[in-house]
Amino acid sequence: MPEPYSERVMDHFKNPRNVGEIENPDGVGKIGNPVCGDIMEMYIKVKDNVIVDAKFKTFGCGAAIATSSMITEMVKGKTIEDALKISNKAVAEALGGLPPVKMHCSVLGEDALKSAINDYLIKKTGKGLPGWKPRSEEGHHGKH
Amino acid sequence: MPEPYSERVMDHFKNPRNVGEIENPDGVGKIGNPVCGDIMEMYIKVKDNVIVDAKFKTFGCGAAIATSSMITEMVKGKTIEDALKISNKAVAEALGGLPPVKMHCSVLGEDALKSAINDYLIKKTGKGLPGWKPRSEEGHHGKH
Amino acid sequence: MKKIYMDYAATTPTHPDVLAAMQPYFCEKFGNPSSVHSFGRETRAAVENARKQVADLIGAKLKEIVFTSSGTEANNFAIEGIAFANEKVGNHIITSKIEHHAILEPCEFLESKGFKITYLPVDKYGLVDPKEVERAITDKTILVSIMQANNEIGTIEPIEEISKVIKEAASKLGHKVYFHTDAVQTVGQIEVNVDKLGVDLLSMSAHKFYGPKGVGALYIRSGTRIVPFIRGGAQENHRRASTENVVGIVGMGVAAELASKELDSREKELIRLRDKLIKGLLAKIPQTSLNGHPTKRLPKNVNISVKYIEGESMLLNLDFEGIAASTGSACTSGSLEPSHVLMALGLSHEGAHGSIRFSLGRLNTEEDVEKVLEVFPKIVEKLRSMSPLYKGKEEA
Amino acid sequence: MKKIYMDYAATTPTHPDVLAAMQPYFCEKFGNPSSVHSFGRETRAAVENARKQVADLIGAKLKEIVFTSSGTEANNFAIEGIAFANEKVGNHIITSKIEHHAILEPCEFLESKGFKITYLPVDKYGLVDPKEVERAITDKTILVSIMQANNEIGTIEPIEEISKVIKEAASKLGHKVYFHTDAVQTVGQIEVNVDKLGVDLLSMSAHKFYGPKGVGALYIRSGTRIVPFIRGGAQENHRRASTENVVGIVGMGVAAELASKELDSREKELIRLRDKLIKGLLAKIPQTSLNGHPTKRLPKNVNISVKYIEGESMLLNLDFEGIAASTGSACTSGSLEPSHVLMALGLSHEGAHGSIRFSLGRLNTEEDVEKVLEVFPKIVEKLRSMSPLYKGKEEA
Ligand SMILES: Cc1ncc(COP(=O)(O)O)c(C=O)c1O
Ligand SMILES: Cc1ncc(COP(=O)(O)O)c(C=O)c1O
């Protein structure tokens, strides 16, 4: 009984924005694992504390791809601080909502972005986001 | 899930033969009880050991009425000995079969006839059918 | 010969508008609602639309409706689903002696699995006394199931009062006592509102209100602890497995919407016909009596006992005249037992075997009632003249 | 855009002849088959006629067919009905890891009620080894349930061999070990004969062979000890309560009759299309592999794993092109778990998430297959170009 995707999800899935890799990225985030069927890689380019480019590669369902596309759109032009404020809920909202069973994809998107920023911060300052851990690894895979 | 009645059952139910009582009968049989929903009374007139008339009154379902009608038809003209040979199966067959759940009606018919003959024999000879007991009182009413 | 159908409590013809709405879902819109593709999305939308129509009819929320294959399945689901989900809280269930077998038999099954069942008696009209419910509740009670209206005698039970009693008792006990009602004979026929009634679960069946056979629903109030009855798939929000009967569900939805619109007018007309038939029968045929409550009664139900004669033989004679009626419940007409409902009212075996039910519906007219009143007394006379019980009572 | 439906294993459109046969039973012939009057006798005859049609299709006797509301209900009925009727003989049940959830979940329910279940493994093609069945049987075993063909991967199990093994073991044990098979994916599609197969119980579902949704049947060999699953009425010879879904049952009957007639020709044509599609896909798309057995395989089933990309995203892209396919079982597509069937074959999580099933049927043509072969490779290419797993593998 899958709930249907919103039009915006379908649009971003059909024509995903920012697919690919960035050569010499300033930060890379890799998140997810094959067990749950979603793997995301996110690349960011940062100039003067502003994310000037973002790209992704995703193995996953429609929601995973649409989320990746949407979040890369959302971060472009944002400062690191503002980008860190993007929550999974904000991404889901921007997509016109996600079916409940697919909400974890938005968490994965948030994680991929944070992971890329973390990588960028470590490279730049030597330390990453304080205390940060991917939420998607908290084990949301209960039995249905 | 009642199985349908045969045409002959319906004929005997719609136009039952020999309904009523016989004045000054030579034998009367009363069988059944309201618990199971079927009560039969059978009257016979006997001349020279031959059943010359038979009538019935019945409270009961379609099968009970058809059986009563059929059995009174079958005994007329028969000797007491031949009448005693009429089994419930023979009645059911003569009716073109009865639904399994209604077979007990034919047992009731046989019993009513035997009971009438028993009554006649007691009146005439002082003793009835040796060892006879109505089969219908053996408690066929299991739970469904 | 024009046939007269007066067995609407057994089943109803599908309303032509319902049939029309179902047609496209056989060959054209046939996808599995669980499928991701367009064929599936289309039927899923149809199922959700039907859910809304059914929810609206009884004042429920969308998520509270689970489609089943029938009223019987809804009843089995409610009883066993609540029992197995709450057996750690308690093992006691309360119901009544006049419930449909679709309630009584799951209860008997649960007895064999260690549950205790209290079967409440009813008064001579078939009414359950809320005080009896109150007295029966123990600290082990997890469920009370009392039908909203009885299918044989038409008596409408005091569900709201029983609900109040249960809620009070539960608040003292400190645990939830669920309240289920079998509303198969009421939904789509009289007003049914789950909040007004104060029930947690409510069973429905489409074919009793001009929907198709083979589809029903169980209302389950949000927050209810229940395990699935039919297991093996994520359908119906993980509560009822199996590929959805899309055609049937669409049909039930439209039947529900039609019922909401026509409820009042249907009800008024049926009460008029019903009372004419009851009055006529009692006046024209000596030694008859009405079974069930004179006023707390389904608009469609006429059930009378005719002394000295038996039910099936009345039915068959009516059938010769093209009139379809019933003795009590169709489901058990294969059985020899007298109706457990009539016995619970205190009727004699004879009285229970000698009852007949006319149940009215959409297509019945004043003329139909008059025809029955003309034909039936003659049938009674014929059968009485054959009855060994009637002897000497002719003059009485 | 012409739509191409290749999800016949999920559900099928109702055959126009089936629909035509059902039509009169909605509004005209609508009686309750349990009713005594002419309206009831008419539909009862229709139900019995359908029972004959279904019995004939699988070589059963009339009395051995019990109509249900679906394949899922038939499966639940078989498992729980046998278990609860024979629990005094033993509490052990054997099944396989690749059964439909409609078998697995009732088994899990029974585990919570004190039964022990053995879930047999399968080989890389999805085959159950009859020797493993033999080894698993204990003196407490009362039931073995192995599906005739798997819905996801199409593998056809060695039912006859398993039956022999069970009978031998049972004769040594001195008590009956019932054998059930879930034949939802085979009845009406390949030859199914209960005596040849040597099964005691067999589940069917009409909507998988061009009958309507919401009706199925359980074959129960004469003499089998089983308790009802849906309780509360004398219908179906006291084995399955509730007002019969007359329309659905009539439809299932006609679908069965059509299937008997067309079985051979349907089968041949599907195998031709299937093999063309399998060959084409494996040839045109690198790094794909067939799931299931190459020859012991349902005529309709094509299931392949496409490396580096995920199932749903393939489906949605196919849907954009008007092609309806599926990943494994539609019933669990609301879930995030990878298919338990593919995992049981030994596939990696990636492989299991990256599978797609095309299931063919009556209305598919050679052109449909060609269209898929034209469109699908492009979709794979697009998705692989987005996949982080594919990196550096382009050249491989
Ligand atoms: C093998 C198998 N068993 C059981 C079922 C359940 O059948 P139904 O959808 O009729 O409940 C299905 C299909 O859904 C199936 O493929
Ligand atoms: C009160 C009541 N409950 C349950 C049922 C069973 O409904 P269904 O025939 O849909 O299984 C009926 C009618 O048969 C009924 O009258």
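Labels below follow one simple rule: chain letters A, B, ... track the order of the sequence lines, proteins then strands, and each chain is numbered from 1.
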*Asks:* Could you label the plane-to-plane angle of the D:F77 and D:F229 rings as parallel, tilted or perpendicular, counting under 30° as parallel and over 60° as perpendicular?
*Replies:*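 Rings of D:F77 and D:F229: parallel, as their planes differ by under 30°.
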
*Asks:* What part of D:N245 gets closer than 4.5 Å to chain C, counting heavy atoms only: side chain, backbone, both or neither?
*Replies:*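 Both backbone and side chain of D:N245 come within 4.5 Å of chain C.
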
*Asks:* Does the pair C:E321/C:K371 count as a salt bridge with the N-to-O cut at 4.0 Å?
*Replies:*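 No, this pair does not count.
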
*Asks:* Who wins among D:E80, D:R231, D:K213 for the most heavy-atom pairs under 4.5 Å with chain C?
*Replies:*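 Most heavy-atom pairs under 4.5 Å with chain C: D:R231.
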
*Asks:* Compare every heavy atom of C:G233 with every heavy atom of D:E105, then report the nearest pair and how far apart it is.
*Replies:*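 It is OE2-N, 3.9 Å.
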
*Asks:* Out of C:V18, C:L315, C:L19, return the one with the most heavy atom pairs under 4.5 angstrom to chain D.
*Replies:*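 Result: the option with the highest number of such pairs is C:L19.
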
*Asks:* If you draw the axis of the six-membered ring of C:F39, does the NZ or CZ of D:K3 fall within 45° of it and under 6.0 Å from the ring centre?
*Replies:*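 Pair D:K3/C:F39 counts as cation-pi.
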
*Asks:* Are D:E244 and D:R44 ion-paired here, with the side-chain N under 4.0 Å from a carboxylate O?
*Replies:*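 Looking at D:E244 and D:R44, the cut-off is not met.
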
*Asks:* Sort C:T12 into side chain, backbone, both or neither according to what part of it lies under 4.5 angstrom from a heavy atom of chain D.
*Replies:*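 Just the backbone, heavy atoms under 4.5 Å.
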
*Asks:* Does any backbone or side-chain atom of D:I230 lie under 4.5 Å from a heavy atom of chain C? Answer side chain, backbone, both or neither.
*Replies:*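 Its backbone and side chain both get close to chain C.
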
*Asks:* I'd like to verify something: which residue of C:S69, C:S242, C:G214 has the highest number of heavy-atom pairs under 4.5 Å with chain D?
*Replies:*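 The option with the most such pairs is C:S242.
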
*Asks:* Let me know if D:E99 has heavy atoms under 4.5 Å from chain C in its side chain, its backbone, both or neither.
*Replies:*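 D:E99 has no heavy atom closer than 4.5 Å to chain C.
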
*Asks:* I need the residue from D:A324, D:A325, D:S70 with the largest number of non-hydrogen atom pairs under 4.5 Å to chain C.
*Replies:*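 Ranked by contacts with chain C, first place is D:A324.
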
*Asks:* Relative to each other, are the rings of C:F115 and C:F84 parallel, tilted or perpendicular (30° and 60° limits)?
*Replies:*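 Ring orientation, 0 to 90° scale: perpendicular.
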
*Asks:* Could you look at D:V247 and say if it's the side chain, the backbone, both or neither that has a heavy atom under 4.5 Å from chain C?
*Replies:*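 Neither part.
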
*Asks:* Would one find more than 12 heavy atoms of other residues, nucleotides or ligands at under 6.0 Å from atom NZ of C:K2?
*Replies:*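 Count over threshold, so yes.
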
*Asks:* Looking only at heavy atoms and a cut-off of under 4.5 Å, which of C:M22, C:E28, C:K113 has the most pairs with chain D?
*Replies:*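 Of the candidates given, the most pairs with chain D belong to C:K113.
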
*Asks:* Between chain C and each of D:P16, D:S205, D:G31, count heavy-atom pairs under 4.5 Å; write down the option with the most.
*Replies:*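 Heavy-atom pair counts peak at D:G31.
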
*Asks:* Quick test of your reading of the model: are C:E73 and C:R240 salt-bridged, counting only N-O distances below 4.0 Å?
*Replies:*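 Between C:R240 and C:E73 there is a salt bridge, with a charged N closer than 4.0 Å to a carboxylate O.
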
